[in-house]
Amino acid sequence: MKTTVLLVDDHNVVLKGMRFFLETKSDIDVIGVANDGEQACSLALQTKPDVIVMDVMMPKLNGIEATEQLKQLLPESKIIILTSSLEKEHVIPAIRAGADGYQLKDIDPDDLYQTIQNVALGNTHDALHPQVARQLMTHVAKDDDSTKFAQLTVREAEILRHVTLGKSNKEIASDLFITEKNRENTYDEHFLKLDVHDRTQAAILALRNQWYTDIQT
């Protein structure tokens with residue numbers, strides 16, 4: 001099946017360029033474009049895309065505000081922030097709002113395509129620009145978070161270890177012999193315990209605290 005994509009940017013040249021490239025891919029279906037956050041929310045509710053590629057600085061409703069709203073209204077839709085800004089004032093709020101990826105507009109088109117497909121499959125391991133990942137790791141306070149991992153059950157810890165290894169949701173379910181439903185329920189529990197919103201933030205938190213080395217040795 002094709003991955004359905006909604007493109008959001010207030011610059012038509014950027015929109016047309018992305019759309020032209022992505023429409024050359026047989027497994028991508030660009031189902032709409034929007035020029036601001038309000039239009040993005042309206043179109044997303046109508047079309048329910050698999051992935052939304054969203055700029056940050058837009059009129060009416062910026063990309064961070066739109067991401068926060070859409071994550072509440074369409075939790076199954078994945079959101080990739082695509083912007084020219086690496087400022088922490090944009091990066092940290094975007095991830096907190098629930099963004100599944102954060103890339104810069106100078107990304108190679110083929111890398112953008114691969115990011116879209118990975119995120120659509122639930123694999124957000126490589127969806128963050130390296131500088132964004134470093135910012136997030138620096139932002140997370142190790143001393144404040146280290147005790148959170150002690151709250152995880154054995155199964156929750158197993159799942160989180162697989163997330164830090166970059167495994168997709170289906171791979172995790174297969175490796176651990178659990179159903180997708182049970183995996184989703186476990187995700188909900190350990191996201192709550194770790195005070196994060198999604199698997200990307202959980203993995204970053206684990207890596208920042210070097211938790212993964214503790215459970216593999």
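The structure displayed is predicted, hence computed values, not measured ones.
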Closest approach of [X] and [Y], non-hydrogen atoms and distance?
{"X": "Ala99", "Y": "Ile81", "answer": "CB-CG1, 3.8 Å"}
{"X": "Lys2", "Y": "Ser26", "answer": "CE-O, 2.9 Å"}
{"X": "Met54", "Y": "Ala66", "answer": "CE-CB, 3.8 Å"}

Give a yes or no answer on whether the side chain of Asp50 reaches the backbone of Lys78 with a donor-acceptor pair at less than 3.5 Å.
->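 Side chain of Asp50 to backbone of Lys78, a donor-acceptor pair under 3.5 Å: no, none is there.
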
Which other residues end up in the same hydrophobic cluster as Ile116, if Ile, Leu, Val, Met, Phe, Trp and Tyr are linked when side-chain heavy atoms come under 4.5 Å apart?
->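 Members besides Ile116, by chain and number: Val5, Leu7, Val14, Leu15, Met18, Phe21, Leu22, Ile28, Val30, Val33, Val51, Val53, Ile80, Leu82, Ile107, Leu112, Tyr113, Val119.
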
Could you list who else is in Met1's hydrophobic cluster, with ILVMFWY side chains joined at under 4.5 Å, directly or through other members?
->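 When side chains under 4.5 Å apart are linked, Met1 ends up in no cluster with other residues.
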
For Glu23, what residues pass the salt bridge (Lys or Arg N to Asp or Glu O under 4.0 Å) criterion, not counting sequence neighbours?
->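 Checked Glu23 against salt bridge (Lys or Arg N to Asp or Glu O under 4.0 Å); matches are Arg19.
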
Salt bridge (Lys or Arg N to Asp or Glu O under 4.0 Å) involving Asp29 - partner list, sequence neighbours excluded |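 For Asp29 there are no salt bridge (Lys or Arg N to Asp or Glu O under 4.0 Å) partners, ignoring immediate neighbours.
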
[Y] side chain reached by [X] side chain, heavy atoms, under 4.5 Å:
{"X": "Gln114", "Y": "Asn118", "value": "yes"}
{"X": "Asp27", "Y": "Gln117", "value": "yes"}
{"X": "Leu74", "Y": "Lys48", "value": "yes"}
{"X": "Asp55", "Y": "Lys105", "value": "yes"}
{"X": "Leu70", "Y": "Ser77", "value": "no"}

What distance separates [X] [atom1] from [Y] [atom2], expressed to the nearest 0.5 Å?
{"X": "Thr67", "Y": "Ile79", "atom1": "OG1", "atom2": "CD1", "result": "4.0 Å"}
{"X": "Thr3", "Y": "Ile31", "atom1": "OG1", "atom2": "CD1", "result": "10.5 Å"}
{"X": "Cys41", "Y": "Glu65", "atom1": "SG", "atom2": "CD", "result": "9.5 Å"}
{"X": "Ile64", "Y": "Gln69", "atom1": "CD1", "atom2": "CD", "result": "13.0 Å"}

Side-chain donor-acceptor pair present, Asn35, Asp9, cut-off under 3.5 Å =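 Checked: Asn35/Asp9 side chains show no N/O donor-acceptor pair below 3.5 Å.
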
Using a strict 4.0 Å threshold on nitrogen-to-oxygen distance, state whether Lys25 and Asp110 make a salt bridge.
->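 Judged by the 4.0 Å cut-off on N to carboxylate O distance, Lys25 and Asp110 do form a salt bridge.
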
Does a side-chain N-to-carboxylate-O contact under 4.0 Å join Asp100 and Lys71?
->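 Salt bridge flag = yes for Lys71 with Asp100.
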
Please identify each residue that fulfils side-chain contact (heavy atoms from CB on, under 4.5 Å) with Ala34, with sequence neighbours left out.
->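 Testing Ala34 for side-chain contact (heavy atoms from CB on, under 4.5 Å), a comparison that skips the adjacent residues, returns Val8, Gln39, Ala40, Leu43.
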
Who pairs with Ser42 by side-chain hydrogen bond (donor to acceptor under 3.5 Å, both in side chains), at least two apart in sequence or on another chain?
->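 side-chain hydrogen bond (donor to acceptor under 3.5 Å, both in side chains) list for Ser42, sorted by chain: Gln46.
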
Apply side-chain contact (heavy atoms from CB on, under 4.5 Å) to Asn62 and Met57, showing your working.
-> CA-CA 5 Å; Asn62 66 44; Met57 293 173 282; over 6 Å; no

